[in-house]
Protein chains: 2
Amino acid sequence: MKKVKESATEKIILEAARKVFIDKGYYGARMQEIADEAGINKALLHYYFRSKEKLFETVFLEAFVKVVPSVLVILNSDEPLFKKIEHFVNNYIDILTENPFIPGFILYELSQNTKRISSLIRGTGLNPQFFIAQIYKEIESGSIKNCDPRQLIIHMLALCIFPFVAQPILQAVFFKNSVEEYRQFLRERKAEVSKFIIASIRKQQEEEITFSNPIQ
Amino acid sequence: MKKVKESATEKIILEAARKVFIDKGYYGARMQEIADEAGINKALLHYYFRSKEKLFETVFLEAFVKVVPSVLVILNSDEPLFKKIEHFVNNYIDILTENPFIPGFILYELSQNTKRISSLIRGTGLNPQFFIAQIYKEIESGSIKNCDPRQLIIHMLALCIFPFVAQPILQAVFFKNSVEEYRQFLRERKAEVSKFIIASIRKQQEEEITFSNPIQ
DNA sequence: CAAATTTTTAACTATGTGGTTAATGACTGC
DNA sequence: GCAGTCATTAACCACATAGTTAAAAATTTG
């Protein structure tokens, strides 16, 4: 019988599985390679996790929980908007720097298995309504320009996540394939992105620029 | 012997291979599935393309060429910066709307097998130097704020590409899983993104805001 | 039309893969 | 210290998969 508390072996397996799955994806990963990486017999993988699919499921959920909800807390806090954007961008890029392969991993597996999305969303309480309401308030109060809050949120996500998803090609094209240069770039990017966003949405006193089509 | 002009069968195979590879990725794809999809015998795949890897390379390069270089032409044109940004964003989002799964495909395969794929890409002449120089000129002339041109380019790419890479989850979270609503959102996004970028980088006459750390 | 060539197929092979099993080693409680 | 349970292993199995082959069908060519 399996114990509730996870054994040391179980942790070692999960660690190895995470590495291999993130590197190779579900289909590319080999149970033997995971076992080798963990330095144990392949049968143990099945002993603890029954099947490749179950093992993957566990790894995926751990990754998802690591990256998504932590950042959601910030969006639902009651900080003022500009501070919140800075806070969000800083934290998100930090978390992703520590787990640079997780966004690509999540996006790919999610595009393969769209069914899982809805259960994940339900499980982690992904709901942008509070943040959307805050953006509306700021628009009405005149501190930011008119826009569709969903567009703004997706701008924020894109600017934070994309550099990690596209790391290989960006690193090759813009940074002579130097990992160190790319890391430096990401550090600078934290400040760069918040400034970029805030400069764009902040309303100038003298003119009222309206964005097209707020929301229906 | 293989003819120079590709036969009808060859086209059918490529079409089927594209579909399966994009859906399942390199490791997930099965030669038998591609053959079934094409309605032909599996041996024909090897007859025309020798191996899975060669077939994949062909498919990948076709996809890459469809999405990347066409848009590079715009960046290397001599339009003024703001017009060029609008032009770029409009064209890119259009192209991606027609090929919504290609970005994810490219990024995924690139992250799985960076070495092999980057040698494939090298032949396609990706070079942002001209556009980078243009951005510098605009900074010097005082029409846009100071910034690292690479950051700006990656902002642009992120804002265009991310909505396609993350479509499943964004659609679920923000658009009740409605494909039509998401399409509408992408249409609006074209205008939204250029405005967002230009509003952020345009320099106001009265103040000179400097971004941190231009380039070394 | 018949010979030569190209295209297509069914059957096959070698290998890699996820998963199983039965035996062994390591603990744990008494 | 020993019975009983849990953890670990090597050897194995069934099956799927990329790739091959040899023969048949279709097409081209003289």
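Chain letters run A, B, ... following the sequence lines, proteins first and then strands; every chain starts at 1.
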Identify whether any heavy atom of B:Leu45 sits under 4.0 Å from a base atom; if not, whether one sits that close to sugar-phosphate; answer base, sugar-phosphate or nothing.
-> nothing
Between the protein and nucleotides 25-27 of chain C, list every N/O to N/O distance that falls short of 3.5 Å.
none

Between CD of A:Glu33 and P of C:dG16 the distance, given in whole Å, is 14 Å
By side chain to side chain contact (heavy atoms under 4.5 Å, CB included), B:Arg30 pairs with (sequence neighbours left out) A:Tyr27, B:Glu33, B:Lys52
With sequence neighbours left out, the residues meeting side chain to side chain contact (heavy atoms under 4.5 Å, CB included) with B:Ser70 are B:Ile95
- For A:Lys19, look at atom NZ and say whether over 12 heavy atoms of other residues, nucleotides or ligands are found less than 6.0 Å away. no
Sorted by chain and number, sequence neighbours left out, salt bridge (charged side-chain N to carboxylate O under 4.0 Å, His left out) with A:Glu53 holds for none
Salt bridge (Lys or Arg N to Asp or Glu O under 4.0 Å) pairs touching residues 88-97 of chain B, sequence neighbours excluded, are B:Asp94-B:Lys190
Applying side chain to side chain contact (heavy atoms under 4.5 Å, CB included) to A:Lys54 and not counting sequence neighbours gives A:Ser51
Taken in chain and number order and not counting sequence neighbours, the residues that satisfy side chain to side chain contact (heavy atoms under 4.5 Å, CB included) with A:Ala38 are A:Ile12, A:Ala16, A:Ile40
Whole-Å distance, A:Ile12 CD1 to D:dT8 C1', equals 13 Å
Computed from five pairs at either end and rounded to 10 degrees, the angle between the axes of the helix from C:dC1-D:dG30 to C:dC30-D:dG1 is 10°
Rounded to whole Å, the NZ-P distance (A:Lys54 to C:dT20) equals 14 Å
Under a 4.0 Å heavy-atom criterion, the protein footprint on nucleotides 15-20 of chain D, written with B, S and -, is --SBBB
Hits for side-chain hydrogen bond (donor to acceptor under 3.5 Å, both in side chains) against A:Tyr108, two or more places apart or cross-chain, chain-then-number order -> A:Gln112
Below 4.0 Å: OP1/OP2 of D:dT8 and any side-chain N or O of A:Tyr48: yes
Check your understanding: Angle class for the A:Phe21/A:Phe56 ring planes (parallel below 30°, perpendicular above 60°, tilted otherwise)?
Key -> perpendicular
Taken to the nearest whole Å, OH/A:Tyr47 to C1'/D:dT8 is 9 Å
Between CG of A:Leu44 and P of C:dG19 the distance, given in whole Å, is 15 Å
Those residues at least two apart in sequence (or on a different chain) that pass ring pair (Phe, Tyr, Trp, His ring centres under 6.0 Å) with A:Phe131 are none
Residue set satisfying side-chain hydrogen bond (donor to acceptor under 3.5 Å, both in side chains) with A:Asn91, at least two apart, ordered chain then number -> A:His87
